[in-house]
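Each chain gets a letter, A, B and so on, in the order its sequence line appears, and its residues count up from 1. Note that the coordinates shown come from a computational prediction; the quantities given were computed from them, not determined experimentally.
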There are 2 protein chains.
Amino acid sequence: MHPQTAVRSDPIRRPAVPVRSASLAWDGAIDTEVLDQTMQLMGAMMGYPRNSEIFGENEPADYLYKVVSGSVRTYKILNDGRRQIGGFYLPGDIFGLEFADEHTLSAEAIADAKILVIKRSTLNALAGRDASVARQLFALTGRELGRVQDRIMLLIKSAQERVASFLLEMAARVSGGNSIELPMSRQDIADYLGLTIETVSRTLTSLECSATIEVPSSRRIVLRNRLALSRMNG
Amino acid sequence: MHPQTAVRSDPIRRPAVPVRSASLAWDGAIDTEVLDQTMQLMGAMMGYPRNSEIFGENEPADYLYKVVSGSVRTYKILNDGRRQIGGFYLPGDIFGLEFADEHTLSAEAIADAKILVIKRSTLNALAGRDASVARQLFALTGRELGRVQDRIMLLIKSAQERVASFLLEMAARVSGGNSIELPMSRQDIADYLGLTIETVSRTLTSLECSATIEVPSSRRIVLRNRLALSRMNG
DNA sequence: CGACCATTTGATATGGATCAAGCGATGTGG
DNA sequence: CCACATCGCTTGATCCATATCAAATGGTCG
C-alpha cells in the first residue's frame, strides 16, 4: 500500500505565500504550526492496519509522515535476528525524515493508524519558498537528534533506570496525568530499551512491589511516585 | 578561555552574495564547502591545550566549532559519576551544533587542538541569506543524526561487536589505510562504547590473538582482517 | 469451552563489571 | 646514567545483572 495510490480529495494548492526571508534560526521554540498546516492541506490521509508496514528499510524515502491516530514504531532487524526499535511515534508526531535517499529503518503501525503523508519533493520545494517551513523541518530534525542522544545515555544504564526513563518519557508524551495507556507490547518496549521482555516484565513487577507504579492491566501503568522514578534516571 | 577573547585577524566580511533561492533539499550529497569557506573567512582560530575544556554542559551554545588539528571529545557526566562520551571529532569535523540554547554536552580537547570558532548568530544570519549555507547546516545535522542512530544499534550489541565497529569507524575516518593512529585513550574508547576499560583491553587482545588486528603500540592498531571485523558488526 | 498469544514467574547460565595485581613506557631527580 | 615514581594499559580472579531456557498464568476471540 503506497501513498501514490491513495484516494483523497484533490490536493489544494497552498495559496501563494510571500517568500519569508526569516533566517534559518536553529534555536529554541519549536512549533510546527506551518508544517502541520501544510501537511493538512497538501498531504494524503492514509490508513494502515495494525502491524502493517508503512515503509521498509532501503526503500526510497520519498515521503514524510505525520501520525493522526494510532501509533507507529520504526525498527531495524540486526543480522543476528534481534530487532532494535528506533522510536515510537504517537498522534501529532512526525516521522520518516531521512537524509539519505533511502530509509535506514522500517516503520510499522503498532495499532490501526491514520497517517498524513506528504511528498518529500513537495515539502522540499515549499521549504525553498517559505523559510518558516524550512525552519520547522530543521527544528524537527534537531528535536529528533536530541531524543536520540538521550537514548544513548539511556542505553548505558541499568535495566531499572531504562524502564524508569521510559515510563517518564511516555508519561510526558501521552500526558494523561499519571496514568499511561501504552500502545506498545512488552516486546516492543524491550526492543526499544535493549532489554529482554522478561527483564522488562520483572522490572515493572519490582517497581510495583516498591509502590512506585501500579499496573492495573498490562497496557496501563499508573505512576505513583514520580520522584522515585526520576531519581533512578541519571 | 573563550572565543570572544581570541586574538585574530579582523573578520573579513563575506563579499555580498546574491540570495540563493535553492530549496532546502534534505537529500543526498553532503559537501560542506560553503560552510567551510565561511568558517575560514569569518571564524576565529583558537588553540586548546590537551584536556582543556572547550565548552561545558549548560553553557550557552553561542558558537559552532570546526576541528583544524588535534581532536575533541564531547561527553556528559552521569549522576553516578560515569562518563558517557557523545562523540569524537577529528580534523575537518564540525561540532557544537545544538538546538537548545545551552549545550547538552561538554567538549574537551583530547590532544592539543586548533579549532575554528564561529558565532552561531553570524552563521544564522548568513543562512537566511544564502540557502547553500542553510542546506549545509541541515545536512550536517542529518549526518550527525545518522551517526547517533548508528551508535544506538551499536550499544545493544556485544563487547566484541562494539569494539569491531569502533575500529572500522575509526579506520574510515582517519583513513590511513589499515593502520589507525588512535588519538584517544582506552578510557575514552570505553566511555564511548559503554564498556569498561578492562573489557576494551581484553577484547583488543582477543582480536589480536585471532589475528584480526595487530596492536604494535597501544595507540596504533593495524586491521589485518577487515572482513572478520565486518562480520562481527551486525 | 478451548486455542492462542501476551505476559509473568522461576531456575540457571553467562558476559561483562568489579576488584586487585602486574607490566611497560615515560619522565624526574639525584 | 640510573633508581624510582607515575600513569596508562593489560592480565587475573571473582561477582553480579541480565540473558536464556522453561513453565505457569491470564486475557481474548472464535
Please determine, by modelled atom types, if B:Asp36 and B:Gln40 share a side-chain donor-acceptor pair under 3.5 angstrom. no

Integer-rounded Å distance: C:dT8 P and A:Ile197 CD1: 8 Å

Nearest whole Å is fine: how far is C:dT7 P from A:Glu208 CD? 15 Å

Go through the steps for B:Asn233 and B:Ser165 under the test side chain to side chain donor-acceptor pair (under 3.5 Å), then give the verdict. CA-CA 6 Å; B:Asn233 224 327; B:Ser165 299; 2.3 Å; yes

If you draw a 6.0 Å radius around CZ in A:Arg173, do more than 12 non-hydrogen atoms from other residues or ligands fall strictly inside? yes

Between B:Asn225 and B:Arg231, is any side-chain donor less than 3.5 angstrom from a side-chain acceptor? no

When all nucleic acid strands are considered with a 4.0 Å heavy-atom cut-off, which category describes B:Arg219: base, sugar-phosphate, or nothing? sugar-phosphate

Length of the CD-P vector between B:Gln187 and D:dC9, whole Å: 9 Å

Can you list every pair that meets side-chain hydrogen bond (donor to acceptor under 3.5 Å, both in side chains) and has a residue in residues 215-224 of chain A, with sequence neighbours left out? A:Ser179-A:Arg220, A:Glu181-A:Arg220, A:Glu214-A:Arg224

Candidates D:dT11, D:dC9, C:dT7 - which lies nearest the side chain of B:Thr205: D:dT11

Nearest-angstrom distance from the residue atom CZ of B:Arg220 to P of C:dA25: 16 Å

Taken to the nearest whole Å, CD1/B:Ile156 to P/C:dG15 is 17 Å

Are B:Tyr75 and B:Tyr192 an aromatic pair, judged by ring center distance below 6.0 Å? no

What is the distance, rounded to the nearest whole Å, between atom CG of B:Leu182 and atom P of D:dG8? 16 Å

Under a 4.0 Å heavy-atom criterion, the protein footprint on nucleotides 16-30 of chain D, written with B, S and -, is --SSBB---------

Distance check needed: C:dT26 P versus B:Arg50 CZ, whole Å only. 13 Å

Separation of atom CZ in B:Arg186 from atom P in C:dA25, rounded to whole Å: 14 Å

